[in-house]
Amino acid sequence: MGRHPMGEGVDPNPRIVAEQAERERGVHAALARLSPKLRAVVVLRYFENLSYDDLAAVLQTSIGTIKSRLNRAHAALEGLLGAGAGAEG
């Protein structure tokens, strides 16, 4: 029997796949609406898995600024996506 083309742990149920794709499109659209500074910190933190120290070095700013930008980005994304968008359910 062949492996699922989307990898291990992926639900092959078409409804679930469609919901995941829609959620992904929503996240990408919301990220596009963030300011460049907020988008950069979110992408580097959550897509590139950089630590706060690495973020501060790459973005040439303080860790306090990184924390502030992430906090503002989280609030903006929550407003764009809805409070329950990040919750598993």
Side-chain angles (χ1 to χ4, degrees):
M1 180 143 73
R3 293 181 62 172
H4 192 281
M6 293 178 71
E8 296 296 321
V10 175
D11 192 332
N13 180 318
R15 182 182 59 80
I16 300 297
V17 171
E19 288 172 358
Q20 290 170 339
E22 181 64 28
R23 192 169 29 251
E24 237 178 76
R25 283 190 294 274
V27 169
H28 285 280
L31 284 171
R33 294 182 64 184
L34 294 179
S35 72
K37 287 182 178 183
L38 296 184
R39 183 171 48 251
V41 77
V42 168
V43 168
L44 292 172
R45 177 70 177 139
Y46 298 110
F47 292 84
E48 299 297 329
N49 297 314
L50 294 187
S51 68
Y52 283 18
D53 289 331
D54 291 339
L55 284 167
V58 168
L59 298 175
Q60 298 179 345
T61 192
S62 71
I63 290 177
T65 298
I66 295 301
K67 290 178 179 181
S68 175
R69 287 181 188 171
L70 278 171
N71 188 48
R72 288 185 298 162
H74 291 157
L77 289 169
E78 185 176 310
L80 292 167
L81 295 169
E88 292 292 321

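At a cut-off of 3.5 Å, with distance as the only test, a side-chain donor of T65 or S62 sits close to an acceptor on the other residue.
Heavy-atom minimum distance, R39 versus L34: NH1-O, 2.7 Å. For the residue pair G26 and L81, the shortest heavy atom distance occurs at O-CD2, 3.5 Å.
Look at R23 and E19 and you find no salt bridge, because none of the NZ, NE, NH1 or NH2 atoms lies under 4.0 Å from a carboxylate O.
No side-chain heavy atom of L55 sits under 4.5 Å from any side-chain heavy atom of V58.
Note that the CG atom of L31 and the CG atom of L38 stand 10.5 Å from one another [nearest 0.5 Å]. The distance from the CD1 atom of I66 to the CD1 atom of I63 is 8.5 Å, given to the nearest 0.5 Å. Residue Q20 holds its CD atom at 10.0 Å from CZ of R15, rounded to the nearest 0.5 Å.
Using a distance-only test at 3.5 Å, with no hydrogens or angles considered, no donor-acceptor pair links the side chain of R69 to the main chain of V41.
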List, one per line, each side-chain donor-acceptor pair under 3.5 Å for residues 42-49, sequence neighbours excluded.
residue, atom, partner, partner atom, Å
R45, NH1, L50, O, 2.8
Y46, OH, H74, NE2, 2.8

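The side-chain hydrogen bond (donor to acceptor under 3.5 Å, both in side chains) analysis of residues 51-60, with sequence neighbours excluded, yields the pairs S51-D54.
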